[in-house]
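Worth knowing before you read on, the calculation uses all heavy atoms, side chains too, and leaves out hydrogens, waters and symmetry mates. Here is the naming used below: chain letters follow the sequence lines, and residue numbers restart at 1 for every chain.
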Amino acid sequence: MPEKFLRPYDSTATESRIYTAWEESGLFNPDECVAQGVTRADAPSYSVVLPPPNVTGRLHMGHALMLAVEDIFIRYKRMKGFRTLWLPGTDHAAIATQSVVEKQIKKEEGLSRHDLGRDELLKRIETFAHESHDTIIGQLKTMGASLDWSREAFTLDETRSRAVRTVFKQMSDAGLIYRGLRIVNWDPKGQTTISDDEIVYEERTAKLYTFRYSKDFPIPVATTRPETKVGDVGVAVHPDDARYKEFVGKEYDAVFCDVPIHIKIVADAEVDPAFGTGAVGLTPAHSRVDWEIADRHDLSHEVIIINEYAKMTVAGRLEGKKTSEARETVVEWLTSEGLLEKEENIVQNVATAERTGGIVEPLPKLQWWIDVNKPVPGREKTLKELVIEAVRSNAITIIPEYFEKTYFHWVENLRDWCISRQIWYGHRIPVWYRGEEAVVGEAPEGEGWVQDEDTLDTWFSSGLWTFSTLGWPENTKDFQTYHPTDLLETGYDILPFWVMRMILMTEFTLGTIPFKTVYLHGLVRDASGRKMSKSLGNNMDPLDVTAKFGADAARMALVVGNTPGTDMRMSEEKIKGYSRFANKLWNIARFVLDSANGADLSTELTAGDAELLSALQTLSRDVSTDIDEYRIYMAAEKIYHYAWHELADKILEESKPILSGSDTAARASRQALLVTLLDRTLRLLHPFMPFVTEEIWQSMPTKDAKFLMVARWPDAV
RNA sequence: GCGCGGUUAGCUCAGUUGGUAGAGCAACCCGUUUACACCGGGUAGGUCGCAGGUUCGAGUCCUGCACCGCGCACCA
């Protein structure tokens, strides 16, 4: 027995040494597995592309969970003999990264992005992104992730940029990308457009004011934003509202807080007669709903009264005021004119920008959009329909299944996707202008071309992730071998943002699905069930816990009993429990290797021993089924239970008298049995606790491959 | 408003197609010249949210309700 077993298991020293050995072996790379003869050249492939972490800093426990789950499937399939690829990468995360760096520069140097200029800011962001990247890669390795580093990708590197330009051009040629003036979500703080899903609604109390535009205006109108009323061009009432029927079609002029306005009364079914006074003041340029109603009644969109800095652009007493100040001014004016009829408190949801916290100001802007309701040429279906069908047809399976309902609910509410952003970090829109000419795709030859100033929504490039990482648009060997990928594993919170968009982009570009199965994990919460966050100070750093208890223990704690789609609670106690298990396993090995020293493994087993072996074979099949059916939470628990409470507590204990007894046949049988049981247990446990199992296996007399990582799975032995 | 999930032992959670309720932690009792004290053996603890229904049989299927959590939409 090697001397190392005389000391307790030391995860810290072992884990980094083992990872380095794996990495140096090259066996994370499936080509190398074939070259070294551990995978058959004609083996079926199994591929997973890592959801690229944002280069905004460090990984959190959610990432650790993601890595544990994916690595389990990957290691299992690799041991099963599949040509297994797990491809790593990082995401430039455009707005998230830029706003982190901008905040940092503002804090340390007091400078804004406009003080620095585009080139200098980008340089700073790239430096930051580079450092984040290195930190993150180190963390991925610490967790034991068996990723093929030779294929690492970045959403903003040259290959991925080319994929972005190519898809943009194809979509544009297909008539699905258009540039249009529409109401966007404008973030005055970040000075950019944001998409619907970058909005966070905050519940606040607000005042609902009921007023008239002038003394002779026939209908009182309710609003929470009196300052916008200087931009009104109409009033809408419900067509069946008896109170106002007689006024529909009439037009009125007024001077509202120094601003001349012209109001037409229209009837529109979208108005809720029960809310406020049942009459809506229409401000088409500053409300998406008003814009749509105005469209239906030929009212002007062009009365713009608020600018990108959320300041008033009208003449008179409101000129240049912030919207919040203008609101007070208008209310004072209404009061002094006797036009204010009522003031009540209501609760409303205020739209704020996720990244900056700025209050979203709806503004009409010329932006790039993807049309989700237009038939895709050659497919006779819209993007929206294709995205629904991929899941409805069961081409893609979502786990847990009930999330399919959430998915459909979400997609059915999908509107055209605004893909342009007014930030600097990211893929620049691949459109070049010269006078009236415009070129889409690759930069044109010749003088005088100017590229579009805007960048693309970060989800545009991550939407291509499953195939851009495999070298597309080149028809590479990797692309042919590994696409569509087998599994996408991610948090349920980005099902709509990312998962749906990958399906959309892949259906359009390749006419196929990006992955066959979506496995959604839940949130990792703290011990009392709160979300982990910087502001609460309850963050758990994966590096700290792995340093303390080992990655094996952290992985088990994250996986055992954690069903997909369900949030879990994490605590150091829990992880500590599994570090005890690693040590238990270590001592099982110590006992077995010590007492079976020199055992003849070809000894015929006694009937009783053969039964014990067959019980473990049954367990192996059980565990395989559990993993195949995505119940890794159960598989992990079963092996844990077997190793500790069956193998250690029962079998090892009852072996003691046999091993010291005088029946030599029984003893020889038992020695062989114990070695075999330990060997199988290590194989079964390897995907879950890769380090300690590998370290023990290196001392096993049954060792039949260079690493346990590429040894055969028990039901295939 | 539309939709999703949860409610099982003191705590955290499993329970795969309906067939006598499980694990971990905590508690309590016993054990220690030993592979491991990062241990072993044992005990106690549940009307499976409530009310109906289907069934020979329901934690599991159906209907309704309550409470908790979440998503989307609206928010004039």
Nearest-angstrom distance, C1' atom, B:G45 to B:A26: 12 Å
Atom-pair distance (OH on A:Tyr640; C1' on B:G22), nearest Å: 15 Å
Do we see a donor-acceptor contact under 3.5 Å between the side chains of A:Lys4 and A:Ser699? yes
Would you indicate what A:Pro496 reaches in the nucleic acid, counting non-hydrogen atoms under 4.0 angstrom: base, sugar-phosphate, or nothing? nothing
side-chain N/O A:Lys207 vs B:C75 OP1/OP2, d < 4.0 Å: no
Between OH of A:Tyr578 and P of B:A23 the distance, given in whole Å, is 13 Å
Under the side-chain contact (heavy atoms from CB on, under 4.5 Å) rule, collect the residues that match up with A:Ser655, sequence neighbours excluded. A:Ile651, A:Leu659, A:Arg670, A:Leu674
Would you please classify the geometry between the A:Tyr213 ring and the A:Phe217 ring as parallel, tilted or perpendicular, with 30° and 60° separating the classes? perpendicular
Would you indicate what A:Val271 reaches in the nucleic acid, counting non-hydrogen atoms under 4.0 angstrom: base, sugar-phosphate, or nothing? base
How would you label the contact of A:Asp594 with the nucleic acid (heavy atoms, under 4.0 Å): base, sugar-phosphate, or nothing? nothing
Round to the nearest Å and state the distance from A:Glu646 atom CD to B:A23 atom P. 14 Å
Under 4.0 Å from OP1 or OP2 of B:G24: is there any side-chain N or O of A:His645 that close? yes
Under 3.5 Å: donor-acceptor pair, side chain of A:Glu198, backbone of A:Ser195: yes
Can you list everything that forms a side-chain contact (heavy atoms from CB on, under 4.5 Å) with A:Arg288? Sequence neighbours excluded, please. A:Ile183, A:Asn185, A:Asp196, A:Glu292, A:Arg415
Looking at residues at least two apart in the chain, or sitting in another chain, which of them share a side-chain contact (heavy atoms from CB on, under 4.5 Å) with A:Glu401? A:Glu404
Which listed nucleotide (B:G71, B:C39, B:C74) is nearest to the side chain of A:Arg415? B:C74
Atom CZ of A:Phe5 and atom P of B:U34: how far apart are they, to the nearest Å? 22 Å
Please give the distance between the P atoms of B:G41 and B:G53 as a whole number of Å. 46 Å
Grab the CD-C1' distance between A:Glu198 and B:G71 for me, whole Å please. 18 Å
Using atom C1' in both nucleotides, what's the gap between B:A9 and B:C48 to the nearest angstrom? 10 Å
Nearest-Å distance once atom P is located in both B:U8 and B:C50: 10 Å
Stems involving RNA chain B: give each as a range paired with a range, ordered by first number, where a stem means at least three consecutive Watson-Crick or G-U wobble pairs under 3.5 Å. B:1-7 with B:66-72, B:10-13 with B:22-25, B:27-31 with B:39-43, B:49-53 with B:61-65
Applying a 4.0 Å non-hydrogen cut-off, can you work out what A:Leu652 is touching in the nucleic acid: base, sugar-phosphate, or nothing? base
Which residues satisfy the side-chain contact (heavy atoms from CB on, under 4.5 Å) test with A:Lys650, sequence neighbours excluded? A:Glu646
Taking the same atom, P, in B:G59 and in B:G22, what whole-Å distance lies between them? 13 Å
Could you list all the side chain to side chain donor-acceptor pair (under 3.5 Å) pairs where at least one residue sits in residues 579-591 of chain A, not counting sequence neighbours? none
In whole angstrom, give me the gap between the P atoms of B:C4 and B:U12. 26 Å
If you look at every strand shown and take non-hydrogen atoms under 4.0 Å, does A:Thr224 touch a base, only sugar-phosphate, or nothing? sugar-phosphate
Find the distance A:Asn583:CG to B:C38:C1' and express it as a whole number of Å. 5 Å
Please check: side-chain N/O of A:Glu15 versus main-chain N/O of A:Ala551, any donor-acceptor pairing under 3.5 Å? yes
Any donor-acceptor N/O pair under 3.5 Å between B:A73 base and A:Glu412 side chain: no
Protein within reach of the bases, or only the backbone? For nucleotides 2-18 of chain B, mark each nucleotide 5' to 3' as B, S or -, using heavy atoms under 4.0 Å. B-SS------SSSSB--
RNA chain B: A:Asn413 or A:Lys584, which has the more 5' nearest nucleotide? A:Lys584
Checking all strands, does A:Gly276 fall into the base, sugar-phosphate, or nothing category for heavy-atom contacts under 4.0 angstrom? nothing
Within the structure shown, what part of the strands sits under 4.0 Å from A:Ala582 by heavy-atom distance: base, sugar-phosphate, or nothing? nothing
Distance, P atom - from B:C11 to B:G46, rounded to whole angstrom: 13 Å
Inter-nucleotide P distance (B:U7, B:G42), Å rounded: 31 Å
Tell me the interatomic distance from A:Arg530, atom CZ, to B:G69, atom C1', rounded to whole angstroms. 16 Å
Among residues two or more places apart or on two chains, list those pairs meeting side chain to side chain donor-acceptor pair (under 3.5 Å) that have a residue in residues 551-566 of chain A. A:Asp71-A:Arg555, A:Thr563-A:Thr566
Mind calculating the distance between CD1 (A:Ile651) and P (B:A35) to the nearest angstrom? 17 Å
Contact class for A:Lys656 (heavy atom, under 4.0 Å): base, sugar-phosphate, or nothing? base
With sequence neighbours excluded, tell me which residues meet salt bridge (charged side-chain N to carboxylate O under 4.0 Å, His left out) with A:Asp567. A:Arg525
Heavy atoms only, 4.0 Å cut-off, all strands: where does A:Glu573 land among base, sugar-phosphate and nothing? nothing
If you take the centroid of each ring, where Trp contributes its six-membered ring, are A:Phe688 and A:Tyr578 closer together than 6.0 Å? no
OP1 or OP2 of B:G40 under 4.0 Å from side-chain N/O of A:Trp644: yes
